[in-house]
Amino acid sequence: MIARGVPGNRTTLFLLQNTPVLLFIVLIVGFGMMSPRFLSLVNFVNIVVQAAHIGIIAIGMTFVLLVGGIDLSVGANMYVVAAVLGLFLQDLPLSVSFPLVIAIGVSFGWVNSWFITRLRVPAFIVTLSTLFVGRGLALYFSGNKMVGFSPSVLSLGRASYLGVPSAIWAFAIVFVVAWLTLSQTTFGRQVYAVGADPEASAKAGIDVRRILVAVYCIAGGCAAIGGLVSLSQVAVASSTFGFQKEFPVIAATVLGGTSLFGGRGGVLGTVFGAVLIQTVENGLVMTNADPYLYPLVISAIIFIAVLVDSSRSAILERLERRQIRVERG
Amino acid sequence: MNDTEAQPAFFAAEGLCKSFFGVQVLHDMTFSLHPGQVLGLVGENGSGKSTTMNIMGGVLPMDAGRMTLDGADYRPRGPRDAESRGIAFIHQELNLFRNLTVAENLFIAGFPKLARGLPFIDRAKVRVRTQELLSSVDLDVAPNTPVSRLSQGERQLVEIAKALGSNARIIIFDEPTTSLTTREIERLFDIIGRLRRQGIAIIYISHILGDVLRLCDDIVVLRDGHRVGRAPRAEMTVERMISLMVGRTIDQIYPPRDPPMSPGAPVLEVRGLSQRGIVKNIGFDLRAGEVLGLSGLMGAGRSELARILFGMDPHETGQVRVGSTAMTTLSPANCMAHGMAFLTEDRRAEGLMMEASIADNVALASLPQFGRTWMRLIDRTRLGDEVARVSASVQIKAPDLQRTLVKNLSGGNQQKAVIGKWLLHKPSVFILDEPTRGIDVGAKYEVYKIVNRLAAEGAGVLFISSEIEELTGMCDRILVMAHGEIRAEFARAAFDREAILRAAMWHGIKEVA
């Protein structure tokens, strides 16, 4: 009934919803024509390995954006995890220290959620503060020096299982678990409901606070896992480890079609968004583009993603406006 | 029907009372329900219908009184609790998640699981259950259809299916037909008929009195929070409902109003203004020195018309003249430039910056007038003087105009600050949308005096209000809107509350006539 009055909007909406896919195709064709090496399997595996840590953190971010929240502290969380692991847990076997630091990441997220749900401070403010607090604490403990790691961390990063690099395994496992959680569990569907309308969710008997606490914990856990994947690739954590990572993470999530306004999106799109961003960087390298262009190109893509998201929301809102008169015929 | 009436009541409410901020809005509300009964609830805006239902549905706690369900005390702790006791509330604004599918909406509070211990949803079971529920309300859509693709009528059926899914024994409908087409309404009534045959009790709230008369076994009429009548359908007529709803006039006090001896020149002329789905063919004149009332029920399109006139929402056809200018485009900036002012219905959200001072708020709409030198720096001295003059003229009571934040003012003083903001702009057309909502009697009187003075100084005032009483006390002329159209016009000499209400309910009455 609503669709009948505005056919043009539906077409626009379809285009807007598929902008990232169209963009991806254009990029691959473009870079492929400029550099033959770009289209090789080796290069593609390389892209996914490099995209893995951003992708994993962005999967956690997807949960947060789905409830209409935001987490700016993921980069700081990564650094906290790296500093704790490097400074205090070096002597433990990785099978003990890794779960331990992931738990620290989850607690970081829990602290965020406590301020957001109990004290009702906006998520933007809370996570902006914990970004500085987290980074500040880690810098204090590390004495602003580079933190090194045992060779076992690096060898984990270089390892392959069944011919697939460990980073891709981690990425895939996080993705599958997150996908199952969001699409196949009551909790997952309630995340979407809370994002669409928290008040209606409460009326429908959903424990909104529990959902909010859970998503920030998930985001914290994912930030820790992403941090470990990144560590295993570089084996040292300088004072800029994880610095400003929130930007590519949020960009990947939004680019993958998850709305900043909550309630729409999913982790499959996020994986796609993270790979897309890495593809752009990789393509720029392959085609010997001026390095000073990178930030401009990346920011243009982020801009397009956010623009698409808000025009999509505006159109949806228009389509669903309440009608006073029902015009017959 | 006789056999259902023979059954004893299973729900009863006795002496329900409710106050908000010291104002009692519900007095001694009493009624009962038996299985298969359809109870109609009618009354003007603010007569206490929604409050009663919100208490019953667990949205609001009651101050005094008692409810019983199956003979036991019933005191819901929240909507969820009410639902688990078998009372479902279908709100006018539906409570569905448009981003989820039909099936997901039905089970969002808890999906059936594949196996014990595993958290995964049993999609097959969900599908089968959904299909059962949908077929019981005659809705032929696939369970995995997103709700955003459904029409308003179909969404309503999903809500009913949801109520059935939670084994509801009482279903409350609040204005269910406002956005349905005729065919969807017929379908809804069929379903309601079927529900009552299954022994489900229905409470049906509506302004469409014809529907109420057709559908309900018993009708309760409310006025000012009091139950003023209850009668079975056979003893009730639309005429009787209206006269009960209006009741005798309780004379509020209004400042004396001297209508202009001769009507002034038109300051606002509207011709053939339409926007599909919102308003249709609106035409009227507002003259200098006139207070023109705009009456109508909730959702009749009054505020929407005001928003269109001020250029905040689009319109498809129609001409608007402000003063001597034919407006080619309507936008807030353009309307303001031509001397229009608009007091929105929600001053917290749209009319005021709560965290700013009174002076900043009052100055907001007219800052460009105080630009000085080529850089248009604000002339603080002249602005401060003007703000002080205007604030004094609307009598804002506050310790310090420059320092007191608007959020710390009372509702009445906030409203005066909004009026002051527009006064500074020296407008010739004032649109006031519910200017006295939520402010106390004393402050109301002062707002009325300001309105009178505006008119006396030659401005045209379009006064939108849900209270017919207020309009008959304040206006020179009243237009009545229903269903997005102007249905009637009354001159001051012909003011008649009953006739005005009848015109506002035109859509509901026409089907009986």
Side-chain angles (χ1 to χ4, degrees), chain A residues 1-6 10 13 66-68 177 179-208 211 214 257-259 261-266 312-313 315-329, chain B residues 57-59 78-81 83-84 89 91-101 104-105 107-114 118-121 123 147-154 162 166 177-185 275-280 299-301 304 313 481 483-485:
Chain A
M1 177 178 81
I2 290 168
R4 227 175 282 144
V6 273
R10 287 276 157 181
L13 198 60
L66 279 176
V67 298
V177 171
W179 183 83
L180 282 174
T181 306
L182 275 182
S183 61
Q184 302 297 322
T185 68
T186 297
F187 166 77
R189 301 325 289 168
Q190 290 183 342
V191 165
Y192 282 86
V194 170
D197 190 342
E199 211 172 301
S201 303
K203 277 191 201 153
I206 298 172
D207 188 345
V208 175
I211 303 281
T258 298
S259 172
F261 305 96
R264 275 199 313 281
R312 184 172 48 201
S313 302
I315 290 179
L316 278 177
E317 197 174 303
R318 209 160 44 231
L319 288 176
E320 292 177 345
R321 206 195 222 130
R322 212 165 87 83
Q323 304 258 305
I324 289 171
R325 302 172 50 81
V326 181
E327 313 274 351
R328 268 133 209 166
Chain B
V59 181
R80 187 85 187 118
D81 191 26
E83 203 183 305
S84 70
F89 193 165
H91 297 261
Q92 188 175 4
E93 303 285 335
L94 298 179
N95 214 14
L96 294 177
F97 304 101
R98 292 186 291 252
N99 56 341
L100 300 180
T101 67
E104 287 172 340
N105 265 286
F107 291 96
I108 193 67
F111 288 87
K113 288 174 191 166
L114 266 179
L118 269 183
F120 301 120
I121 295 167
R123 293 272 176 191
V147 167
S148 59
R149 293 238 189 95
L150 301 183
S151 75
Q152 206 59 30
E154 289 168 330
K162 197 164 132 192
S166 65
T177 57
T178 43
S179 39
L180 302 193
T181 62
T182 321
R183 266 184 46 213
E184 287 173 326
I185 292 174
Q275 168 72 20
R276 198 182 161 79
I278 310 288
V279 292
K280 189 177 172 192
E304 287 78 2
D313 286 335
M481 278 186 86
H483 215 54
E485 295 174 60

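Computed from a predicted model, the values in this text were never measured in an experiment. In the text below, chain A, chain B and the rest are named by the order of the sequence lines, each starting its count at 1.
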Exercise for review: With the side chain counted from C-beta on, respond yes when B:Arg123 and A:Gln184 share a heavy-atom pair under 4.5 Å apart, and no when they do not.
Suggested key: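 Yes; the side chains approach each other to less than 4.5 Å.
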Practice item. Could you check if a side-chain atom of A:Arg189 sits within less than 4.5 angstrom of a side-chain atom of B:Ile121, using non-hydrogen atoms only? Key: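 Yes - at least one pair of side-chain heavy atoms lies under 4.5 Å apart.
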Review point. Where on B:Ile108 is there a heavy atom nearer than 4.5 Å to chain A: the side chain, the backbone, both, or neither?
Key: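 The answer is both parts of B:Ile108.
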Exercise for review: Enter the distance from A:Leu66:CG to A:Ile211:CD1 here, rounded to the nearest 0.5 Å.
Suggested key: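 With rounding to 0.5 Å, CG (A:Leu66) is 11.5 Å from CD1 (A:Ile211).
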Practice item. Please report the shortest heavy-atom distance between B:Phe107 and B:Pro112, naming the atom on each side. Key: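 Taking every non-hydrogen atom into account, CD2-CD, 4.0 Å.
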Check your understanding: Quick one: of A:Gly205, A:Ser183, A:Ala193, A:Ala204, who has the most non-hydrogen atom pairs under 4.5 Å with chain B?
Key ->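 Result: the option with the highest number of such pairs is A:Ala193.
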Practice item. Sort out for me which of B:Pro119, B:Gly110, B:Pro79 touches chain A most, counting heavy-atom pairs under 4.5 Å. Key: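 Going by pairs under 4.5 Å, I would pick B:Pro119.
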